[in-house]
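Down below is the structure, laid out as structure tokens.
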Amino acid sequence: MRPSAVKICRKIDQPKRRRVASRKSTGACYIDVEAEEQNDSEEAEADDLNPENRFRRTTSTDDELANGSGQSPWCDLPDHIMERIFAHLSIRERYYASLTCFSWYQSFALPNVWSNFLVEDETLARLKFNYYSGWQPVLDHSRTQNCLLSVGKLFRGLDFRPLVSFNNMYQFMTLMSWAIEQNHKQKVPREWAGCGYDQSLTTSPCICSNAQIGGSDVGAVRGEPLLDEVLESGCLVLKRLYVINVTMVHCPIMHIGLFLNVQVLVVSPQNIDDDVLTLLADSRVRHLYLFQNRYTPAAIAISPCSVRGWRLLRRDNPNLRVHLRAESTSGAAEILLQPEPAPVHSMIYQSPRTMITSDKLLAAVDVYKYTLAVYGHEMLPDFTSPVEFQDRVDSLLVLMARSCPELAVLMIRERISTATLLIIARTAQNLHHLYVRRSQLVEECDWPKNPDWTDEFYQWLRVSSASVEATEREISQILEVENWRALSDEHYKMTSLTKHVEH
């Protein structure tokens, strides 16, 4: 027998050993693997007598799944569920999830996963060191090109979140526009066929926060060039247009009035003026949303349109409705009031710190008393309502119900009495939807007798306001709504007025 064969036989007869090399010494130590396996078997037998053996068996089953001997039921999820799961993941997370199994690998390319593409500062970017700002994300053109080649044909919407680098957004839109232009050629390159070329491709509100271009604030950059290509391709087919906070200063964007078939226009108040209203007067716009959020300049820093501009718009486009909306989770949201000819149909606040004050409510009632149909404050308040009747908003809300004949939807989150609720329901002529918090209802008739009230009415008011249940029964009859109920705080938190103004 050859010496080499003898060595092999000796290695087979000897116990299995594992070699562990040391960094500090050139020698090696050996660990008997068979001894470890024998100890593991003895521990497994002892675990069978342990009350935690069920957990240990589950762990061993998971190990089998990890080793491929079993199959997890996660891979059998239907496509529509996998699409919803992948849609909540970032691009990096989707890639790692696609490496799990073949089923998840196929889910990576499902259409609805990429229908709404989120663009942030770190999207498809690499870090580049800046001597003034440190490491900053810069758009990687090769990554962006590979992304568009792979899933660009599945894009149906682009969602731009608050950006710090305006240059990243500009370069991304440049590459996206170039990919779309490839589809206009007579011989479309096969790899670019269908990339972003769909009439339903839209861009959601673009918000730039503290963005800078060459040291200049983004507010100094005019917003018209951003819509040049959109106007060229969607002038006749676009139905909805959202242009929110494109600039941080007053900068009218004339392009928004050149889309001939737009019916719903959402724009920030700093991007319109009398010239824009003149263009909208000759358009088919039916719903104009003046949207303000925490990125919008303060209401006192924005100038409203003139009375002449709104009068011309109302004369030439009598079916137009204006919706005022303010959103802010960090501070009090203030709506910029437009002058009286503006056909304001709704006023909606979505801010936990905005209170109803006499000056704001009286100004709104005085300006929009003939057109206002929806008014309310969403979200639970971050303040405590006054307790005394003279300090509460009961009389202001009754004044609104009496002065606004078109009021159809009212949402109240502050403390009021059940008697006030009954007076509002009886006074508002066209009120159909009334939302109040049950926890903020005061069960009493704290109104003194009005000389215009009859004795029968005042007696009815005192009896019906004695309890919440009695008030609910009376309001159900007045509003002709079956089983009207005041809302709990949880239900009020989930209630939104969007369904009453969305078209």
Side-chain angles (χ1 to χ4, degrees), residues 83 85-100 104-105 107-182 191-192 194-198 201-221 223 225-230 242-248 293-295:
E83 285 180 332
I85 294 175
F86 272 70
H88 291 284
L89 304 179
S90 63
I91 298 179
R92 183 185 298 272
E93 293 170 344
R94 292 174 188 175
Y95 170 74
Y96 288 142
S98 66
L99 301 178
T100 305
W104 285 31
Y105 171 76
S107 300
F108 180 82
L110 292 176
N112 290 339
V113 173
W114 301 96
S115 60
N116 186 45
F117 189 75
L118 176 64
V119 181
E120 297 179 312
D121 282 319
E122 296 80 10
T123 303
L124 303 173
R126 55 181 176 83
L127 293 179
K128 184 178 181 180
F129 185 78
N130 187 305
Y131 287 102
Y132 300 97
S133 305
W135 292 98
Q136 299 294 322
V138 178
L139 187 70
D140 192 330
H141 289 193
S142 61
R143 291 183 182 178
T144 305
Q145 185 176 6
N146 292 334
C147 177
L148 295 179
L149 286 171
S150 302
V151 294
K153 59 181 176 296
L154 303 178
F155 291 172
R156 294 298 178 270
L158 298 178
D159 187 2
F160 290 92
R161 294 300 169 87
L163 300 176
V164 175
S165 176
F166 186 85
N167 187 46
N168 285 356
M169 183 190 70
Y170 176 77
Q171 293 187 17
F172 178 85
M173 292 302 297
T174 301
L175 293 175
M176 192 70 191
S177 300
W178 182 84
I180 296 176
E181 289 176 359
Q182 302 305 307
E191 62 273 12
W192 292 107
C195 181
Y197 188 66
D198 189 271
L201 178 63
T202 59
T203 56
S204 63
C206 172
I207 304 172
C208 300
S209 175
N210 299 327
Q212 292 185 353
I213 303 177
S216 301
D217 190 82
V218 71
V221 181
L226 296 176
L227 294 176
D228 283 342
E229 297 181 1
V230 179
Y242 296 76
V243 184
I244 300 176
N245 293 338
V246 174
T247 61
M248 299 299 294
N293 55 18
R294 61 191 182 97
Y295 298 102

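As a basis for the values below, the full set of heavy atoms in this structure was taken, side chains included, without hydrogen atoms, waters or symmetry mates.
Between P111 and E83, some side-chain heavy-atom pair lies under the 4.5 Å cut-off. The shortest side-chain heavy-atom distance between I244 and N293 falls under the 4.5 Å cut-off.
Here the CG-CZ distance, from L124 to R92, works out to 10.5 Å after rounding to the nearest 0.5 Å. Interatomic distance, CE of M169 versus OG1 of T174, reported as 9.5 Å (0.5 Å rounding). Here the CD atom belonging to Q136 is positioned 10.0 Å from the CD atom belonging to E122, to the nearest 0.5 angstrom. Remark: L154 CG to L148 CG distance equals 11.5 Å, nearest 0.5 Å. S98 OG to L89 CG: the interatomic distance, rounded to the nearest 0.5 Å, is 10.5 Å. Separating the CD1 atom in I85 from the CZ atom in R94 is a distance of 12.5 Å, to the nearest 0.5 Å.
Ring geometry for F155 against W114 counts as tilted: the plane angle lies between 30° and 60°, on a 0 to 90° scale.
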Run the side chain to side chain contact (heavy atoms under 4.5 Å, CB included) check on V119 and F172 step by step: do they pass?
CA-CA 9 Å; V119 181; F172 178 85; 3.8 Å; yes
Walk me through whether I91 and F117 qualify under side chain to side chain contact (heavy atoms under 4.5 Å, CB included).
CA-CA 10 Å; I91 298 179; F117 189 75; 3.7 Å; yes
Applying side chain to side chain contact (heavy atoms under 4.5 Å, CB included), run through Q145 and L175 and close with a yes or a no.
CA-CA 8 Å; Q145 185 176 6; L175 293 175; over 6 Å; no
Do T123 and L118 pass the side chain to side chain contact (heavy atoms under 4.5 Å, CB included) test, and can you show the C-alpha distance, the side-chain angles, and the key distance before you say yes or no?
CA-CA 8 Å; T123 303; L118 176 64; 5.5 Å; no
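Listed for the R143 side chain is a donor-acceptor partner under 3.5 Å among the backbone atoms of A125.
Scanning all heavy atoms of the two residues, the minimum distance from S115 to N112 falls at OG-O, 3.2 Å. Closest approach of F108 to Y95, counting heavy atoms only: CE1-N, 3.9 Å. Minimum heavy-atom separation, T144 to D140: OG1-O, 2.8 Å.
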